[in-house]
Amino acid sequence: MIKVDRPKDSAPKGFAAAGVKERRRNRIAKIANEKLKFAAYSTKSVRDKLDKLFGRKCAFCESILAGTQ
């Protein structure tokens, strides 16, 4: 894994709030034995920021994303 220095503006706008809402919904869904949903992390704004930060490489193994998908 490579070390990446993240700038202070690296999180997309509204991402933290969306993550909190999603986490609350998932807690309720887990209690009700329903399927959990993780949509906040797959939005276009999040993917774009990750592409910019990691240069189209996997943050864990550093392989080119196009080659592993």
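These numbers were taken from a predicted model, which means no experiment stands behind them.
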dist Leu36:CG -> Glu22:CD (nearest 0.5 Å) comes out at 9.5 Å
So OG of Ser10 and CG of Leu50: to nearest 0.5 Å the spacing works out to 9.0 Å
Q: May I ask whether Leu53 and Phe15 are part of the same hydrophobic cluster, defined by side-chain heavy atoms of I, L, V, M, F, W, Y residues being less than 4.5 angstrom apart, directly or through others?
A: yes
| Same cluster (ILVMFWY, side-chain, under 4.5 Å), Tyr41 and Phe54 | yes
* Asked: In terms of side-chain geometry, is the basic nitrogen of Asp48 or Lys44 positioned less than 4.0 Å from the acidic oxygen of its partner?
  -> yes
Using modelled atom types and a 3.5 Å cut-off, is there a donor and acceptor pairing between side-chain atoms of [X] and backbone atoms of [Y]?
X: Lys49; Y: Asp9; answer: yes
X: Asn26; Y: Phe38; answer: no
X: Glu62; Y: Lys57; answer: no

